[in-house]
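Counting starts at 1 for both ligands and their atoms, following the listed order. Keep in mind the model is a prediction, meaning the values are calculated, not measured. Each residue takes its place number in the sequence, starting with 1.
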Amino acid sequence: MYQLLSKHSPESRLNGMIYKSVKISVLRCNKNQLALQLLSCLALLVCLAMLHLPVALSQGLESTFGVHPDRISYYSPQNNQAFKCLDGSQSIPLQSVNDNYCDCMDSSDEPGTSACPHGQFFCHNQGYLPRLIPSAWVNDGQCDCCDGSDEYNSRKCENNCDVLGENYRREQQLSREISDRGANIRLQYKEEARVRREQNQQLLEQYKRELSEKELAIKKLEEEVNSDFGPSHVFLPLKGKSYAFKDREYVYTLYPFERATQESTTGMQTELGRWAGWAGPAGNNYAKQKYEGGIQCWNGPTRSATINVACGVEDKIVSVTEPAKCEYVFDFITPAACPELEPEPVPPEETNQNEESQVTENSAPSLEVEDPEQTSEVGQIESPEEEDGNEERHDEL
Ligand code: MAN
């Protein structure tokens with residue numbers, strides 16, 4: 001990485017021009033009127049000295065001085081051929097490279113002097129980092145290259161590249177060590193992250209599953225809480241259970257407050273309807289249930305079922321009929337349909353006696369109601385004695 005800054009001394013161009021004139025004059029002196037020209041040459045040289053022209057101009061810099069290694073080949077053409085400005089605009093004699101006079105428009109002919117405005121000077125900085133600086137910084141009195149190569153006229157810059165290089169390498173080594181140690185810890189982080197992500201993924205899936213289960217449960221509970229299960233919710237215990245009845249052709253199953261089905265002997269199940277509400281007559285609403293919207297009957301309506309609910313000592317379907325095509329009637333008995341027990345009249349003398357015995361009697365009433373008179377609030381269905389094929393299931397849905 002090279003540092004490249006912009007800075008240019010306007011005197012360098014003037015110096016270059018004067019130097020060029022001197023060179024030409026000296027050449028002329030040598031060739032022609034030596035004695036006569038000598039004086040004018042000397043005068044010019046005095047001028048040069050007064051203008052503090054860089055000493056190096058008379059030292060003759062190598063054409064490759066200050067050139068970046070990648071470009072060396074352009075500055076050492078074979079057989080001393082002419083130098084071609086890097087922008088290709090013109091060719092100049094190789095001697096004109098680094099002669100402290102700017103010939104090329106792109107400043108490429110003066111890499112080692114400050115003669116050109118936009119030239120670049122390369123310091124090798126052996127032992128440290130090479131650097132590319134603006135050639136205007138050459139011989140400007142400031143040490144820009146750690147090897148001092150940019151201030152060759154004054155030679156006042158010490159070469160401290162070794163010291164800088166040593167520090168640099170030490171820092172590099174330190175940063176490599178830190179980087180290696182960090183990279184090892186990073187490996188642990190990577191593994192930790194992998195395990196954590198796996199756990200997160202699993203937990204996320206589990207929580208999502210649980211959430212949707214909970215949401216479903218909430219929906220069901222809300223439904224249940226807001227549904228009508230009769231007086232004192234007395235029909236609620238039937239929800240979630242199922243009751244089957246078998247006739248010669250089919251098995252009918254009632255899932256109270258859910259649906260009713262018909263299953264043929266071949267195992268084909270037909271939905272007869274879904275819970276549609278209580279449908280008893282006015283004043284006895286809980287005597288009938290309706291299940292509607294079952295499978296479409298061939299050439300007919302969708303199937304539906306009416307459940308006649310009557311008092312009994314157990315929950316049981318006692319008969320199923322199909323009085324009209326695809327309209328089914330179930331007779332179902334259940335203790336839930338029985339009338340509430342009337343509290344026994346308390347003789348006046350016992351009114352303030354032992355309360356405990358009263359509570360016991362009231363809280364455990366016998367539901368063995370056999371007198372048909374007592375079922376006046378609900379439909380009355382005769383429960384056949386252990387009819388073949390009747391089954392009761394208590395499946396949780
Ligand atoms: C099936 C059963 C019967 C119904 C007929 C109507 O056989 O569901 O109960 O009467 O279809 O086609």
task = Any chance you could lay out the side chain to side chain donor-acceptor pair (under 3.5 Å) test for Glu198 and Gln202, step after step, and finish with the verdict?
result = CA-CA 6 Å; Glu198 244 174 54; Gln202 279 170 7; 5.0 Å; no

query = Got a sec, which pairs hit salt bridge (Lys or Arg N to Asp or Glu O under 4.0 Å) with one end in residues 178-190, sequence neighbours left out?
reply =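 Qualifying pairs, neighbours excluded: none.
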
ask   = Partners of Asp162 by side-chain hydrogen bond (donor to acceptor under 3.5 Å, both in side chains), sequence neighbours excluded?
value =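 Applying side-chain hydrogen bond (donor to acceptor under 3.5 Å, both in side chains) to Asp162 gives none.
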
query = Distance under 6.0 Å and angle within 45° of the ring axis: does Arg71 meet both against Tyr74?
reply =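 No, cation not above the ring by the 6.0 Å, 45° rule.
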
inquiry  = Can you pull out every disulfide (SG to SG under 2.5 Å) where at least one residue sits in residues 160-269? Sequence neighbours excluded, please.
reply    =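 Output for this query lists Cys146-Cys161.
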
ask   = Is it true that Lys219 and Glu215 have a side-chain N and a carboxylate O under 4.0 angstrom from each other?
value =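 Not counted as a salt bridge, because no side-chain N and carboxylate O are separated by less than 4.0 Å.
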
Could you go through ligand 1 and list every pair where one of its N or O atoms sits under 3.5 Å from a protein N or O, giving the atom names and the distance to one decimal?
{"unit_1": "ligand 1", "atom_1": "7 (O)", "unit_2": "Tyr250", "atom_2": "OH", "d": "3.1"}
{"unit_1": "ligand 1", "atom_1": "8 (O)", "unit_2": "Gln262", "atom_2": "OE1", "d": "2.7"}
{"unit_1": "ligand 1", "atom_1": "8 (O)", "unit_2": "Arg303", "atom_2": "NE", "d": "3.4"}
{"unit_1": "ligand 1", "atom_1": "8 (O)", "unit_2": "Arg303", "atom_2": "NH2", "d": "3.0"}
{"unit_1": "ligand 1", "atom_1": "8 (O)", "unit_2": "Tyr328", "atom_2": "OH", "d": "3.2"}
{"unit_1": "ligand 1", "atom_1": "9 (O)", "unit_2": "Gln262", "atom_2": "NE2", "d": "3.1"}
{"unit_1": "ligand 1", "atom_1": "9 (O)", "unit_2": "Glu322", "atom_2": "OE1", "d": "2.8"}
{"unit_1": "ligand 1", "atom_1": "9 (O)", "unit_2": "Glu322", "atom_2": "OE2", "d": "3.4"}
{"unit_1": "ligand 1", "atom_1": "9 (O)", "unit_2": "Tyr328", "atom_2": "OH", "d": "2.7"}
{"unit_1": "ligand 1", "atom_1": "10 (O)", "unit_2": "Glu322", "atom_2": "OE1", "d": "3.4"}
{"unit_1": "ligand 1", "atom_1": "10 (O)", "unit_2": "Glu322", "atom_2": "OE2", "d": "2.6"}
{"unit_1": "ligand 1", "atom_1": "11 (O)", "unit_2": "Arg303", "atom_2": "NH2", "d": "2.9"}

